[in-house]
Q: 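Can you read through this structure? Questions will come right after.
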Amino acid sequence: MNFSRWRKAGGLAAGLLALAATPLAAQRPEPALAGYKHEHWTLEEGAPGRINALTQSSDGFLWIGSVEGLFRFDGLTFEPVQPPGKDAARLVVSQLAATHDGTVWVGLGRGRGVMAWRSGRLVDMAMPHPSRQVTDMAQAGDGAMWVVRGGRSESTLARYAAGRWQEFGKEAGLPAEPAWSTAFAADGTQWLATETRVLVRQAGATRFVDTGIAVTPRASLAPGPGGAMWLSDAAGTRRIAAERGHWRAGPPLAINPDPVGGTRMLFDSGGTLWETTWNTGVLRLDNAGRGAPALRRFAFDATQGLTSDQTHALLQDREGNLWIGTELGLDKLRRVPVVVETAIPANSPTSYRLAAASDGTVYVADARAAYAIAPGRAARPILALPSPATALCPAHAGGAWLVRKSAMVRLGPQGAAGATIALPPGLAPLACGEDGAGRLWLAALDQGLWWRAGGAWHAVPAPGSLPANIAIGADGRAVVVFRGPPPAKGAAPFDTPFVALPDSQSRVGGIEGLLPGDAASGPLISGARGIEAPLAANMHPLPATRYPWAASLNGLVRASNGDVWGIGDIGIVRLRAADLATALARHGTAVPWRLFDFRDGLNSFVQKAAGAQVAQGGDGRIWFLTRRNVVSIAPDALRGNPLPPAVLVRAIVAGGAARAPLPGLRLPAGTHGVRIDFTATSLTVPQRVLFRTRLSAGSSSGAWTAPSPERSAVFTDLGPGDYTFEVIAANEDGVWNPVGQRVRFAIARRFYQTWWFPLAAILAVSAALYLVYMARVQYLGRLIRDRMAEREMERARIARELHDTLIQGVQGLLMRFQSVADRLAHDPAAQAVLVPALDRAEAMLIEGRDRVKGLRRLEDRHLRRELQRLLDSQVTDAALTLTVKGAVRPLHPDIVDEIVAIVGEAVCNAVRHAQATAVDVHVDYGARALALFVSDDGIGIATLPSDADGADALTKGHYGLIGMRERARRIGASFSIESGHHLGTLVRLAVPARLAYAA
């Protein structure tokens, strides 16, 4: 920064200050914070220091330019913004400007020129001949950006339009001296403040003209209401007026206490002028356009909480908040509905007292004085008090009754409106009230309940009743709260002069507040657990669990517009009287309500005292008592924030790494959980911004979450695939941005999560199962072959035994019988018997030898031949046929025996039991299996047994079926029978090729 020029300007500024209007300079400015909520962020809270410039981009972010760099702010988090590149030097930002197209222009110091934030990144705008620093920037109506280049005397202006730069110097009428500030009026006129003068360039002109208005260095310009241009320098703040082609600066409205002059000016949306100073904080000028005597001057400096008196930047955001950049941090001033009445001293040693008179005047009393607040006016003291006020209540005759130690008096707008009334000796009341009959009531705890009638005081005899509070009901009777047992009936000399509400009668956790009700509900009482109408029939308490605003309400008033205002532990609440009445009458009815708390200007808690804590004045303002001060809300001035917040997803965090939500974002394979950080640029009360989010997988839509202030969402148990994240937000007044932002990302798949992996796994498992199956088949084949080998050995043994014993024995017997026959050859009768017997025995011997031969030569057995022999041996009238299909292949010998046995049993069953007239045997030499089918046209099996191997088959006598199944199982064949009553029978047998074929 050009500190040397500031020092040079000191002498000239001091001289001008001495000539300035002394009365204006000597005025003590009023505090500037009435009606504003002040928030600040210091260096300790993460804010940048040495702030030079502020602006707001079209997406709602607040941009901060400082000696420490460039930052953007969403109301909660400061985010540094750096140019791309690993070796990017720290930016020293001197000026900022946001344009209509969303670009943020960044003017730099140290000869860095100008950068711009576009499409999410900083780019160098390559301004020619950059100066030591940019001192100002402004956008013209045609969209061109004008840059004031300080620290030089030539080519002090540069213009960027249509992608090109243009420099301006002497040829454009500029003097050979530094320039400080430029601004455009509503009519397109461009103003320029240089080191010593003010220049102007009419719209469409190519040259600047000297206005003849002299200035001191570092002068600033700002457009004001009505299209006027304003000037501030060491000589003061003044309006530039144009008359017949001539210009003049008006009289100074305020003299800046420091010799350098104002550094920045800003007219807010209400026409109030704000001005920074070099070392005395911020000035505020109300009615600046009207001039004296309407001008009101305020000051805001470090003594009132400003982060620093060295202020350099001003901005009003699009929501109406005022931002101030200082040497030590960032400050925000926000208009709030809760306004502190500064005319009433804060922190009264005793409780404040409040009453609203019938003429609309509100009366307040504290420990030292009584105050009257006329409609539309500020509070003013009307009566000094020798002792603190203990009670205050409306008077029938107008004004209010003020009670203090030993005396009471009626107040009017100008003070005491009548004679002082002495109280009974030693009486110190806590609450008062005047009923419909004109009786004055005083509640004084252990001193009892008193009333005044006929010019005299009377006491209600009720020891230990402890009257604590008084209100006047809708029927005009006094309602008295008792902390102890209430007076018994007949204790007063007249019939029911008041209504007693003992604390023990409460169903809501005691009686903390005695509140006015309507004619239907009567008075209301509030406790820690809610509110109720104790005197009304068929009305339900409102529990604090469902109505949080109803807990510990200490004051309530029904406004003339139908609203109900209350104050309690949670703050100030507003609801509709009709909604309250409905909820009392109908259990569980919802009651819409609005809370006003410390974010809305409330700076203390409700005081716990008797008497009214809320009152409405004749101008509609609602007045509230707190421990610290007296505050008010003007319902007619309440304005909601109609601007929905812009929503931005900051980052997607997975595996500890944050990634920008760029198109096509793909997270690493194996990601199961992500955290998505987002924000909304609602700068008024960012803590009240609510978000709703949802995550959708693929084409299916997820469910929206409930509104929450959290600015991040965590999702777990995610798998690979495509996801869409959506977030919407609402501002502090519940105005939603239904569009929000949508971000798509994908999670990559691991190799086992790809589409081809299940297929490959299925193929691998299938191959493994096939190998297992083949191994099993081979095992069974070996097992069967081993068994067949054993059987062949057994057959050979049997053949030997038959040959060595039975056949040889039979042959020996034949020889003996033949010798006998030979001896009896002469006996015809004996020959008739012996010869046939010998022939038969010889035939049996031949057959036995054939059998032995069969046992010895199994390999010579042929399935077709054996089956044909089987069919030929059947004695039946049925037609028996044999069909063979396929290339005949040699079979394992033992297989042939089992097959012949099974087929024989099937043919026998068909011929003997099924009464078949035709039986077909079909053999199929297949590549995969040897298949045999035996079908008949017999009567079939009426009921096929469910378990031919079990007790069911045995019970029904199906022994042949059991044998066939056992034989089939023994050779590893599949076997089935299909039959039905009078539908014939089909027997299927299939032997796997590996088991059936010998080669």
Side-chain angles (χ1 to χ4, degrees), residues 341 343-344 348 350-375 377 379-444 447 449-459 467 469-473 476-480 497-498 514 516 555 557 609-619 623 625 630:
E341 181 52 63
I344 300 176
S348 173
T350 60
S351 297
Y352 293 100
R353 307 294 172 176
L354 176 69
S358 57
D359 65 351
T361 301
V362 174
Y363 293 90
V364 177
D366 61 11
R368 298 181 178 87
Y371 302 84
I373 308 174
R377 300 293 182 88
R380 57 184 179 85
I382 57 173
L383 183 66
L385 301 180
S387 61
T390 61
L392 192 65
C393 54
H396 277 192
W401 291 106
L402 173 69
V403 182
R404 57 179 180 83
K405 182 180 179 180
S406 74
M408 63 182 298
V409 67
R410 186 169 66 86
L411 296 177
Q414 304 305 321
T420 299
I421 301 174
L423 299 182
L427 187 65
L430 295 179
C432 67
E434 185 176 5
D435 66 15
R439 290 182 287 255
L440 281 170
W441 294 86
L442 301 178
Q447 294 176 311
L449 177 66
W450 294 76
W451 83 91
R452 181 178 178 85
W457 289 103
H458 308 275
N469 203 354
I470 296 175
I472 306 301
R477 291 188 298 172
V479 180
V480 184
F498 62 91
L514 178 59
V557 68
Q613 304 298 303
V614 188
Q616 183 180 30
D619 56 3
W623 294 88
L625 301 182
V630 179

Q: Filter on side-chain hydrogen bond (donor to acceptor under 3.5 Å, both in side chains), then keep only pairs touching residues 409-437, sequence neighbours left out; what's left?
A: W401-E434, D435-R439, D435-W441

Q: Any side-chain heavy atom of R380 sitting closer than 4.5 Å to one from P413?
A: yes

Q: Could you tell me whether the side chain of I470 reaches within less than 4.5 Å of the side chain of L449, counting heavy atoms only?
A: yes

Q: Can you check whether A428's main-chain N or O pairs, donor with acceptor, with Q447's side chain at less than 3.5 Å?
A: yes

Q: Quick one, L442 and W457 - any side-chain contact, counting heavy atoms below 4.5 Å?
A: yes

Q: Between atom CZ of R477 and atom CZ of F498, what is the distance when rounded to the nearest 0.5 Å?
A: 10.5 Å

Q: Using a 4.5 Å cut-off on heavy atoms from C-beta on, say whether the side chain of E341 contacts that of Y371.
A: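 Y371 does not reach E341 side chain to side chain.
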
Q: Minimum heavy-atom separation for A419 and V409, please, with both atom names.
A: O-CG2, 4.1 Å

Q: Can you give me every donor-acceptor pair (side chain of residues 384-395, partner residue at least two apart or in another chain, under 3.5 Å) with its distance?
A:
from	atom 1	to	atom 2	distance (Å)
T390	OG1	V403	O	3.2
T390	OG1	P429	O	3.1

Q: Might you point out which heavy atoms bring V557 and Q616 nearest each other, and give the distance in Å?
A: CG2-N, 4.1 Å

Q: Show the nearest heavy-atom pair for residues A610 and N469, with the distance to one decimal.
A: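 Smallest interatomic distance, heavy atoms only, reads CB-OD1, 3.7 Å.
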
Q: Please find the pair of heavy atoms, one from A379 and one from I373, that lie closest to each other, and give the distance.
A: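 Heavy atoms of A379 and I373 come nearest at CB-CG1, 3.6 Å.
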
Q: Would you sort out whether I344 and Y352 count as a side chain to side chain contact (heavy atoms under 4.5 Å, CB included), showing the intermediate values?
A: CA-CA 10 Å; I344 300 176; Y352 293 100; 4.0 Å; yes

Q: Could you report the tightest heavy-atom contact between A417 and G412, atom names first, then the distance?
A: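 Heavy-atom minimum between the residues: CB-N, 3.9 Å.
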
Q: Specify the closest pair of heavy atoms between V480 and P467, including all atoms of both residues, with the distance to one decimal.
A: CG1-CB, 3.9 Å

Q: Could you check if a side-chain atom of P424 sits within less than 4.5 angstrom of a side-chain atom of W450, using non-hydrogen atoms only?
A: yes

Q: Nearest 0.5 Å, what's the CG-CD1 distance between L402 and I421?
A: 11.5 Å

Q: Got a second to check how far Q613's CD is from S351's OG, nearest 0.5 Å?
A: 7.5 Å

Q: Can you give me every donor-acceptor pair (side chain of residues 360-369, partner residue at least two apart or in another chain, under 3.5 Å) with its distance?
A:
from	atom 1	to	atom 2	distance (Å)
T361	OG1	D359	OD1	3.3
T361	OG1	D359	OD2	3.4
D366	OD1	R368	N	2.9
D366	OD1	A369	N	2.8

